[in-house]
Amino acid sequence: MAKRTEIVDVLKASKVGDTITVKGWVRAFRSNRFVALNDGSSFKTLQVVIDEEKIEEAIVKRIGFHACIAATGVLVESQGAGQKVELVADSVEILGDNDLSAYPLQPKKQTMEFLREKAHFRMRTNTFSAVFRIRHGVAFAINKYFNDNGYYYMHTPIITGSDAEGAGEMFHITTFEPNKAPTTEDGSIDYSKDFFGKATNMTVSGQLQAEIGALAMGKVYTFGPTFRAENSNTSRHLAEFWMIEPEVAFADIYEDMDLAEDFSKYIIKYILENYPDDLAFLDKRIQDMEKNMKKELRRPMSLTDTLKFVIENDFARITYTEAIDILKRSKPYKKGKFEFPVDWGIDLQAEHERWLVEKHFKKPVIVRDYPKDIKAFYMRMNDDDKTVAAMDVLFPGIGEVIGGSQREERLDKLRKRMQEMNVHEDELQWYLDLRKFGGAPHAGFGLGFERIILFITGMANIRDVIPFPRTPGNAEF
RNA sequence: GCUUCUUUAGCUCAGUUGGUUAGAGCGCCGGACUGUUAAUCCGUAGGUCCUAGGUUCGAGCCCUAGAAGAAGCGCCA
C-alpha cells in the first residue's frame, strides 16, 4: 500500500509537482470529474480531479457520496476558483463502496434530531466533525492549562462506595441478577454478598476524592466521566457527562474565582487560535440558520465575536445578595414578568440568571456567597453565619457552567453542617480525617465539559456535542 | 417529573369544511455532462399517513388510549 499523506499536510506542506497518495471519504463528486475528499485531518477538503483517460469507468462509477477512496497523482495549481491546489489522479482505488440506495445521509442540511439517531454516521458531516475536533481541542487545552500551571491530573474512582457525594441521584452498580439478589432477615438486599461487599454506585462527582489529592499534593484536577440518574429532560443535561474538577490547597473563594475565569478564558483562546476553520464553519452555520428568525431571537453577536468578547472582558462579580437587589430593581421584576418570585433565600431561577447575564451585565457573571440552605454541606460557612463561600459562573445562553466553593476546613463547623443536612458521619469518616489530621483551607470547582463545548461551538443541544449521548430513555451505541 | 408542540415517501415538509387514485423539493435509481464548488439538465420508481381502538355511508383530517421526538420548566454541571 502506498503511504498516504494526510490532507492537512497536503494543504500545509506539499508542493506543486509532488506525487502523493491521499485516502479519505468523498464529500461530493461533481461533473463526473471533481471529488471533494476529506480525511478528517482538518475541516478542509482536497479536490481530486478524475481524468477520464486514466481512470476506468467502472471505478469512476463507484466514486459516490461518502465512499472511501485512495487517490495517487500529482499536485497541481487549481484552475477552479474554490481552491489553490488540487490532485490530478493517476490512479484511484475504492477502499470502501457506499451503497447509496440504502444510505441515510444526504449531501444537504439534515436535522440534528435525525442525525442523532444515526450517531454512527453523523461524525462524517461538516458540523459534527467540526464539533468533535473542537471537543478534542478543549480536552487538550484543559490538560495543557493545568499541566502548565503545576496541577496534577488525578484519576478519581468511577465506581464509588460513597453515596453521600450529594450531587444527585446515582446509578447503582451490582453483579446481582435482577430478582435473584440475596436478602437479609428484614428483606432488604444483602450487599455484603455483592462483588464489593457493599452497595456501590457510579460517581456523581470526583470532588471529595480530589480534596484528598489537594491536601497532599497541593494542586490537582480530575477530568472524567460522571453519572447522574436524574430524570432531566433538557438540552443542557446528560446522564453521562464529563466533568473537570480542580481542587487547590491554600486557596480561598476569591482565588477560586480567579482560577475559574482565567481557566475559561484560556480554553476559549486556545480554540480561537487553533480551530479557526471549524469555528468559522459553525459560525456561518448559525448565521444561515438565524436568517429566517426574528431579530430579537438572533444572537446579539456572531459566535466568534462572542468568544472574543468573553476573553477580552472581565467577568462580572457580584454576591448573591447583590444579585437579589439588582433583580428587585429590574424592569421585568417591577412589571411582574418573572414567573418565579425573587426573595433572599430562594435559589436563582434560570430566568433570573439569564436576565442577569444576557440583559443586565451582557457578559459572564460570577455570583458568590449563596444562602447556606440552598448549598451543599461541604461549603465553607461565612462569618455572617447565613451564607457560604460558594460561587457559580453563569454564561450567556447556557446558564451555569461552573459551580465551586471554598471547602469547610474547620472540623466542628463541618460536623455541624453535616448534622443539619442529615449527612451521616460514619460514611465520610475519611473526609473528616482530612480536617482532623493536617487540614488546610482549600477550594475548587466543577466545570461541565459538554457545557463549555456548547458555548464554544454554539450548538443548541448538549446531545450534539458528545459522540454518544445518554439521556433518560436513550443509551444507543 | 410537569407544561406545550410535533409525528404523512429515504430526508425536509404541504395536504382546504371529513369526500374519487396522497403532493412538492431534495435524495435514490436510469440517462446526459471534461472546470465543478450543496454542480446542472432530462426521466422513472418510491406511502403501515407513528400504533391500537372508536365515531361516520366515508378518516391523513374528528374522539380515546399509548409510543417516539422536540422546546420550556424543575434538579444541576
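Below, chain A is the first sequence line, B the second, and so on; all start at residue 1.
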Base partner of [N], which must satisfy Watson-Crick or wobble distances under 3.5 Å:
{"N": "B:G1", "value": "B:C73"}
{"N": "B:A22", "value": "none"}
{"N": "B:A39", "value": "none"}
{"N": "B:G53", "value": "B:C63"}
{"N": "B:U6", "value": "B:A68"}
{"N": "B:U17", "value": "none"}

Nucleotide nearest [X] (side chain, heavy atoms from C-beta), chosen from [options]:
{"X": "A:His237", "options": "B:U36, B:U34, B:C76", "result": "B:C76"}
{"X": "A:Asn461", "options": "B:G74, B:A39, B:A71", "result": "B:A71"}
{"X": "A:Gln83", "options": "B:A39, B:U36, B:C76", "result": "B:U36"}
{"X": "A:Phe34", "options": "B:A39, B:G35, B:G69", "result": "B:G35"}
{"X": "A:Lys108", "options": "B:G27, B:A77, B:C11", "result": "B:C11"}
{"X": "A:Glu86", "options": "B:U34, B:U37, B:G35", "result": "B:G35"}
{"X": "A:Arg236", "options": "B:C28, B:U36, B:C76", "result": "B:C76"}
{"X": "A:Ser101", "options": "B:G27, B:G69, B:C29", "result": "B:C29"}
{"X": "A:Phe340", "options": "B:C29, B:A39, B:G74", "result": "B:G74"}

Going by atom types alone, do A:Tyr145 and A:Asp262 pair a side-chain donor with an acceptor below 3.5 Å?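 There is such a pair between these side chains.
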
With centres under 5.5 Å and planes under 30°, do A:Phe241 and B:A77 count as stacked?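 Yes, A:Phe241 stacks on the base of B:A77.
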
When the distance from [atom1] of [X] to [atom2] of [N] is rounded to whole Å, what number comes out?
{"X": "A:Arg354", "N": "B:A71", "atom1": "CZ", "atom2": "P", "answer": "13 Å"}
{"X": "A:Arg285", "N": "B:A38", "atom1": "CZ", "atom2": "C1'", "answer": "15 Å"}
{"X": "A:Glu57", "N": "B:U34", "atom1": "CD", "atom2": "P", "answer": "12 Å"}
{"X": "A:Gln110", "N": "B:C13", "atom1": "CD", "atom2": "P", "answer": "12 Å"}
{"X": "A:Lys375", "N": "B:C75", "atom1": "NZ", "atom2": "P", "answer": "11 Å"}
{"X": "A:Glu351", "N": "B:A71", "atom1": "CD", "atom2": "P", "answer": "19 Å"}
{"X": "A:Leu87", "N": "B:G35", "atom1": "CG", "atom2": "P", "answer": "19 Å"}
{"X": "A:Arg228", "N": "B:G74", "atom1": "CZ", "atom2": "P", "answer": "17 Å"}

Between [X] and [N], is there a side-chain N or O to OP1/OP2 distance below 4.0 Å?
{"X": "A:Arg33", "N": "B:U34", "value": "no"}
{"X": "A:Thr111", "N": "B:U12", "value": "yes"}
{"X": "A:Ser235", "N": "B:G72", "value": "yes"}
{"X": "A:Gln349", "N": "B:G74", "value": "yes"}
{"X": "A:Asn233", "N": "B:G74", "value": "no"}
{"X": "A:Arg463", "N": "B:A71", "value": "yes"}

Describe, in one word, how the ring planes of [X] and [Y] are oriented to each other, choosing from parallel (under 30°), tilted (30 to 60°) and perpendicular (over 60°).
{"X": "A:Phe281", "Y": "A:Phe43", "answer": "tilted"}
{"X": "A:Tyr320", "Y": "A:Tyr370", "answer": "tilted"}
{"X": "A:Tyr275", "Y": "A:Tyr270", "answer": "tilted"}
{"X": "A:Phe445", "Y": "A:Phe263", "answer": "tilted"}

Between B:G47 and B:C11, how far apart are the C1' atoms? Round to whole Å, please.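 Their C1' atoms lie roughly 14 Å apart.
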
Determine the Euclidean distance between corresponding C1' atoms of B:G35 and B:C49; express it in Å to zero decimal places.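 These two C1' atoms come out 45 Å apart once rounded.
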
Which of these, A:Phe340, A:Tyr333, A:Phe338, sits in a ring-ring contact (aromatic ring centres under 6.0 Å, His included) with A:His352?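 It is A:Phe338; the other options fail the test.
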
Contact nearer the 5' end of RNA chain B, comparing A:Asn231 with A:Asp51: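 Upstream on the strand: A:Asn231.
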
If you assign A:Gln47 and A:Thr234 each to the RNA chain B nucleotide with the nearest heavy atom, which residue ends up on the more 5' nucleotide?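 Here A:Gln47 is the residue nearer the 5' end.
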
Look at the side chain of A:Arg30 and the base of B:C33, then say whether one donor and one acceptor between them are separated by less than 3.5 Å.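 Flag unset: no donor-acceptor pair detected.
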
Look at the side chain of A:Gln79 and the base of B:U34, then say whether one donor and one acceptor between them are separated by less than 3.5 Å.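 Side chain to base: no pair present.
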
For atom NZ of A:Lys337, is the number of surrounding heavy atoms from other residues, nucleotides or ligands below 6.0 Å larger than 12?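 No, NZ of A:Lys337 has 12 or fewer neighbouring heavy atoms, counting only those of other groups under 6.0 Å.
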
Determine whether more than 12 heavy atoms belonging to other residues, nucleotides or ligands lie under 6.0 Å from atom NZ of A:Lys269.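 No, not enclosed.
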
